[in-house]
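Below is one structure, written out as structure tokens; the observations come after it.
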Amino acid sequence: MPAKCPRADVQRVDVSEPDGLDVLRHSAAHVMAQAVQQLFEGTKLGIGPYIRDGFYFDFDAQRPFTPDDLKSIEKTMQKIINQGQRFEREVVTLDEAKRQMADEPYKLELLGEGDDAETAAEGAGVEVGGPEITIYHNVDRSGERVWSDLCRGPHVPSTKLIANAFSVMRAAGAYWRGKEGNPQLQRLYGTAWPTKDDLKAYKERLAEAERRDHRRLGRELDLFSFPEEIGSGLSVWHPKGGLVRGIMEQHARTKHLQGGYTYVYTPHISKADLFAASGHLANYKDDMWPAISMDEETDEDGNVTKQGQDYYLKPMNCPMHILIYKERGRSYRDLPLRFAENGTVYRNERSGALHGLTRVRGFTQDDAHLFVRPDQLEAEVTKVVEFVVDLLRDFGLEQFELELSMKDDDSGKWVGSEEYWESATQALRNVAVGSGLKMTEIPGEAAFYGPKIDLKVTDAIGRRWQLSTVQVDPNLPERFELEYTAEDGSRQRPIMIHRALFGSIERFFAILLEHYAGAFPHGWHPFRSGDSGG
RNA sequence: GCCUCCAUAGCUCAGCUGGUAGAGCGUUCCACUCGUAAUGGAAAGGUCACCGGUUCAAAUCCGGUUGGAGGCUCCA
């Protein structure tokens, strides 16, 4: 369905090309906004960009949209589309833009921001941010401008191109410009495709994802549940789920032992002092469960007669592994030391962030902390990356890529010397390049104490998940004053490597469950009988 | 945490504007047996999430709590 070019200065793009599809969707967003303002007078416009698989538009509406509203909006869109409105581009001055957008406070705000708007919010770049300010008008057959929006464009020549392959999907709240402190707008998500068949295929893809949803499969196959009596985000594993999980853990354990790891065990809670020393109470407290107060005694008047202790559920295992390291003097001959633990940690995730097994409040990390000499860093990280990929392949995952998270120039955000960052980053880069996997460098995404390599996996239906992470950390060894005796008898500080392969065992299980659509490979799924088609 | 929506049998859901509950699947039993997640018959299963309010009367209306869904934000 090639777009016809009515004017010479219009560039021709086919809607079957990715760029063309974006234009189509952004145009559909304009049509949707026009429909909304037609149906609900006084609704103010936010932004309305294209996104993966569709588009959205934010509105400041008098009242939230109901499911019925979505239907009528879709109908009105169809009418507008059938009118065959043209999109007309007008270059305007800032003053003129402000005049035309006088009734649109959010647009005025964007105009006031000028060039900053590009980075201010996802999609804001489609509104302004080009070299000149433009307004796009929808013009009906009589030549009358029926609707306008501040927009960088481009758009399809006629609304007819949106044809029948569009759909208003759902309504949701969204903060203006993505900031939690800002007012919440009503966002409508929609989708648009070149043909009806494409739309149908897209909806089929959504249905397939729903069929594979691990929450549904977990219930249907009797694998795990989240009893309300226990608390949200806290899972229990039923016999069948426990059997599969046990097989996974068993296999990983065998591999770890072969790979030179030793297993350690640590408790779920600790006195506050430990997390004060590690810095977690200073930097991570909001994500930790509230303290458990122990042993405090008071007299009849309520005066404290015996000082109590605060205990915290551990959000991470590292401080406890460090204490194991510190239990005795270490020699350079002992390193690398590799402490592994399937350690259950607890994090106070905000209620709205919880999602099945992939985002929970209590989960088990297949965690390990490696203590290495600086000169062993690169070799050890190489070994870890090979180990990760090898193990994940055992579980049937095939498509991997790496992300190298580095520091950026934003001073004050990072601790450690320039030389340290330079050498650690270079070591990780060498490893990543040497792995032969696709690698992307991401400045500014490092942990505050060091660079990291994250491994992303693509599953059977094309979704990408972050699983493994390998982080270089000289900070905790510093805080806990870790040492080893070097060959020359001097005391040296080891570097620590944090690494998890599955990330969270629960989450990894969920990912595999969806990857295999519930049909785990033969040999380790207990609940399907007979059929070998699996 | 915020916005919107939701909470009825193990599961999926119906129950219009208030008058003490229904279906399909599943389960159990019987029969049949060649029954590919779909053979026939019968039965059991719910203080309609919880707490409070309005009312002669609440699954139904109102408030709160808990839990869930889709987003936003967050995920050093």
Report summary line: Separation of B:C75 atom P from A:Met288 atom CE, nearest Å, is 17 Å
Report task. Scan every strand shown for a Watson-Crick or G-U wobble partner of B:C2, both distances under 3.5 Å, and answer none if you come up empty. Result -> B:G71
Query raised in the report: Which whole number of Å gives the distance between the C1' atom of B:C2 and that of B:U73?
Result: 8 Å
Query raised in the report: With a 3.5 Å cut-off and no angle check, do the side chains of A:Tyr449 and A:Glu478 form a donor-acceptor pair?
Result: no
Requested in this report: Would you kindly compare A:Gly356 and A:Ala174 by the position of their nearest RNA chain B nucleotide and give the one closer to the 5′ end?
Outcome: A:Gly356
Query raised in the report: Phosphate oxygens OP1/OP2 of B:A69: is one of them under 4.0 Å from a side-chain N or O of A:Arg215?
Result: yes
**Report entry** Atom C1', compared across B:G67 and B:C50: separation rounded to whole Å
**Finding:** 10 Å
Query raised in the report: For the pair made of CZ in A:Arg216 and P in B:G70, what is the distance, rounded to whole Å?
Result: 12 Å
Requested in this report: Tell me whether the OP1 or OP2 atom of B:U12 has a side-chain N or O from A:Arg219 closer than 4.0 Å.
Outcome: yes
Query raised in the report: Are A:Tyr189 and B:U4 close enough that a side-chain N or O sits under 4.0 Å from OP1 or OP2?
Result: no
Report summary line: Separation of B:C72 atom C1' from A:Phe57 atom CZ, nearest Å, is 17 Å
Requested in this report: Remember a base hit wins even if backbone is also touched, and classify A:Ser232 as base, sugar-phosphate or nothing at under 4.0 Å, heavy atoms.
Outcome: sugar-phosphate
Query raised in the report: Looking only at atom C1', what distance separates B:A14 and B:U60, rounded to whole Å?
Result: 14 Å
Query raised in the report: Is there a Watson-Crick or G-U wobble partner for B:C61 with both distances under 3.5 Å, and which nucleotide is it?
Result: B:G53
Query raised in the report: Roughly how many Å is it from CG in A:Asn283 to P in B:C75, rounded to a whole number?
Result: 13 Å
Query - Quiz item: A:Arg359 side-chain donor-acceptor pair to B:C74 base, under 3.5 Å - result: yes
Report task. Could you let me know what B:U66 is paired to, Watson-Crick or G-U wobble, both distances under 3.5 Å, or none if it's on its own? Result -> B:A7
Query raised in the report: When rounded to the nearest Å, what value does the distance between C1' atoms of B:G63 and B:G24 take?
Result: 36 Å
**Report entry** Counter-base of B:U33, judged by Watson-Crick or G-U geometry with both distances under 3.5 Å
**Finding:** none
**Report entry** B:C16 versus B:A59 - spacing of their C1' atoms, nearest Å
**Finding:** 14 Å
Query raised in the report: Using the benzene-type ring in the case of Trp, are the ring centres of A:Phe363 and A:Tyr346 under 6.0 Å apart?
Result: no
Query - Rounded interatomic separation in angstrom, taking CZ from A:Arg177 and P from B:C2 - result: 24 Å
**Report entry** For atom CZ of A:Phe65 and atom P of B:C5, their distance in whole Å
**Finding:** 13 Å
**Report entry** Strand partner of B:A44, provided both Watson-Crick or wobble distances fall under 3.5 Å
**Finding:** none
Requested in this report: Ignoring hydrogens and angles, answer whether the base of B:G1 and the side-chain atoms of A:Tyr175 contain a donor-acceptor pair closer than 3.5 Å.
Outcome: yes
Query raised in the report: For A:Arg170 and B:C5, what is the distance between atoms CZ and P respectively, to the nearest whole Å?
Result: 16 Å
Requested in this report: Check every strand shown and say whether A:Arg507 touches a base, only sugar-phosphate, or nothing at a heavy-atom separation below 4.0 Å.
Outcome: nothing
Query raised in the report: Expressed as a whole number of Å, how far does the P atom of B:C75 sit from that of B:U65?
Result: 27 Å
Requested in this report: For B:U20 and B:C30, measure between their C1' atoms and round to the nearest Å.
Outcome: 34 Å
Query raised in the report: Using 4.0 Å as the upper bound for N to carboxylate O, is an ion pair formed by A:Glu204 and A:Lys200?
Result: no
**Report entry** N-O pairing of A:Lys407 and A:Glu445 below 4.0 Å
**Finding:** no
Query - Full working for side-chain hydrogen bond (donor to acceptor under 3.5 Å, both in side chains) between A:Ser468 and A:Lys456 - result: CA-CA 7 Å; A:Ser468 317; A:Lys456 309 248 173 185; over 6 Å; no
**Report entry** A:Arg212 and A:Glu514 ion-paired at < 4.0 Å
**Finding:** no
Requested in this report: Quick one: look up who B:A23 pairs with, Watson-Crick or G-U, both distances under 3.5 Å, and put none if it's unpaired.
Outcome: B:U12
Report summary line: Per the glycosidic torsion and the 90° limit around 0, nucleotide B:G45 is syn
Query raised in the report: Any side-chain donor-acceptor pair under 3.5 Å between A:Asp60 and A:Trp176?
Result: no
Report task. Give one of base, sugar-phosphate or nothing for A:Glu349, where a contact means two heavy atoms less than 4.0 Å apart. Result -> nothing
Report task. Give A:Arg350 one of three labels, base, sugar-phosphate or nothing, depending on what nucleic acid heavy atoms sit under 4.0 Å from its own. Result -> base
**Report entry** P-based separation of B:G45 from B:G52 [nearest Å]
**Finding:** 27 Å
Report summary line: When A:Trp237, A:Phe502, A:Tyr516, A:Phe395 are each screened for ring-ring contact (aromatic ring centres under 6.0 Å, His included) with A:Phe509, the one that passes is A:Trp237
**Report entry** Sugar-phosphate only, base, or nothing, as touched by A:His355 at under 4.0 Å among non-hydrogen atoms
**Finding:** sugar-phosphate
Query - 5′-ward residue of the pair A:Gln186/A:Arg347 relative to RNA chain B - result: A:Gln186
Query raised in the report: Whole Å only: how far is the CG atom of A:Leu354 from the P atom of B:U73?
Result: 17 Å
Query raised in the report: Considering only heavy atoms and no angle criterion, is a donor-acceptor pair shorter than 3.5 Å present between the side chain of A:Gln184 and the base of B:C2?
Result: yes
